[in-house]
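Written out below as structure tokens is the structure these notes cover.
Counting convention: from 1, in listed order, for ligands and their atoms alike.
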Amino acid sequence: MTGTVYKSTGSWYTVKSEKGDFVECRMKGKFRIKGIKSTNPIAVGDIVDYELDETSDAVTGTIHNIHERKNYIVRKSVNLSKQIHIIASNIDQVFLLITIDNPPTTTSFIDRFLVTAEAYGIEAILIFNKIDTLSDQTLDDQLYLQYIYSEIGYKCLRISSTENKGVDKLKEMMVGKVSMFSGHSGVGKSTLVNAMEPSLHLKTSVISEQSKQGQHTTTFAEMYDLSFDARIIDTPGIKGFGIVDMEPSEISGYFPEFFKLKDQCKFNNCLHKEEPHCAIKAALEKDEIAWSRYNSYLKILEGDDEHYRTDTYGEDRAASDETRK
Ligand SMILES: Nc1nc2c(ncn2[C@@H]2O[C@H](COP(=O)(O)OP(=O)(O)OP(=O)(O)O)[C@@H](O)[C@H]2O)c(=O)[nH]1
Ligand SMILES: [Mg+2]
Ligand SMILES: [Zn+2]
């Protein structure tokens with residue numbers, strides 16, 4: 001039988017069959033997909049072949065094959081530094097939820113996310129959430145960010161999940177597709193899913209007054225069918241996105257506004273650092289490229305990934321426990 005993985009908790013996978021019922025499945029043995037070293041062999045969104053177990057009273061199944069993934073999005077694993085964690089697969093578009101100060105989302109985080117999505121060929125859309133909370137200052141910051149990213153060509157939405165503003169436009173963009181919500185803990189991913197489909201009652205938590213951080217309320221990625229012919233994958237908050245195995249020369253290709261100019265650099269292997277007659281640096285001086293984007297580029301080039309070391313939450317722990325067995 002064939003089905004789609006809707007939830008994965010490390011050792012059990014909730015699979016939706018083609019008929020529409022849900023079966024709890026385990027994985028047969030230890031099979032790995034060639035070329036991917038991940039802490040989780042099966043991810044939400046995977047299409048799998050499974051058999052129903054004959055022995056158990058409850059209806060359970062065993063997965064024996066994973067269909068080839070159209071795409072997938074990963075981050076570096078915390079505990080096993082060389083490994084990656086597949087957040088979800090077979091997605092049509094990914095929405096990054098951004099809040100300006102509750103919690104703060106940095107441009108470096110946004111840009112790593114966008115580079116990851118570009119590298120995996122998944123359309124990324126930015127959602128500025130909690131627009132109801134903006135002050136004069138943070139409104140300026142929000143509009144400036146929106147300006148930078150729309151100029152590059154990224155679609156941007158302004159939403160208040162709690163006041164239901166901008167939600168209808170988002171729903172329109174989701175019809176007929178599998179979408180994923182991503183962003184830091186506390187930006188309102190689950191709240192936004194609830195705003196679109198109140199009957200789901202997903203668990204949400206207020207962010208800490210003191211640290212201005214979320215509380216990692218959602219601990220496993222999970223897919224939901226929505227009533228308007230759309231599917232959404234809600235994911236746990238993330239501190240950093242893994243830039244996995246990227247050659248230095250490749251990185252600027254994932255910054256669309258750099259990519260457009262790079263043929264004009266004097267050297268065709270220009271890394272846009274100290275090289276003379278660099279079109280990207282010239283554009284930067286003319287304010288045609290944002291400094292924040294250039295700084296993110298340099299950080300990725302240097303392989304600076306301090307973000308990941310402090311990133312811990314349930315999904316990773318469960319997945320690596322499984323790996324150790
Ligand atoms: N004022 C305001 N508050 C919001 C909005 N969206 C979410 N919140 C609040 O932000 C807090 C965090 O929301 P969650 O939905 O739990 O955040 P999350 O992104 O799912 O967090 P994790 O599951 O931890 O990754 C809750 O108290 C929400 O009520 C919004 O648009 N405006
Ligand atoms: Mg959540
Ligand atoms: Zn250059």
With respect to [X], determine whether any N or O atom, backbone or side chain, lies less than 3.5 Å from an N or O atom of ligand 1.
X      : value
His216 : yes
Ile207 : no
Gly237 : yes
Ser185 : yes

Next on the checklist: Nearest 10°: the angle subtended at the Zn ion (ligand 3) by Cys278 SG and Cys265 SG?
Outcome noted: 110°
Checklist entry - Is Thr217 close enough that one of its N/O/S atoms sits under 2.8 Å from the Mg ion (ligand 2)? => result no
Next on the checklist: Closer than 2.8 Å to the Mg ion (ligand 2): does that hold for any N, O or S atom in Thr235?
Outcome noted: no
Item to check | Protein contact to atom 30 (C) of ligand 1 [nearest heavy atom, distance to 0.1 Å] | outcome: Thr162 OG1, 3.2 Å
Next on the checklist: Starting from atom 1 (N) of ligand 1, what is the nearest protein heavy atom, named by residue and atom, and what distance separates them?
Outcome noted: Asp132 OD2, 2.8 Å
Next on the checklist: My understanding is that we take every heavy atom of each candidate and find the minimum distance to atom 15 (O) of ligand 1. Doing that for Ile127, Ile159, Thr191, Leu202, which one comes out nearest?
Outcome noted: Thr191
Checklist entry - Just going by heavy-atom distances, which of Ser205, Gly188, Ser190 is nearest to atom 11 (C) of ligand 1? => result Ser205
Checklist outcome for this item: Checking heavy atoms under 4.0 Å, the part of Asp234 that sits near ligand 1 is neither
Item to check | Under 2.8 Å: N/O/S of Cys270 next to the Zn ion (ligand 3) | outcome: yes
Does [X] use its side chain to pair, donor to acceptor, with the backbone of [Y] at less than 3.5 Å?
X      : Y      : result
Lys16  : Gly3   : no
Tyr120 : Val74  : no
Lys189 : Gly183 : yes

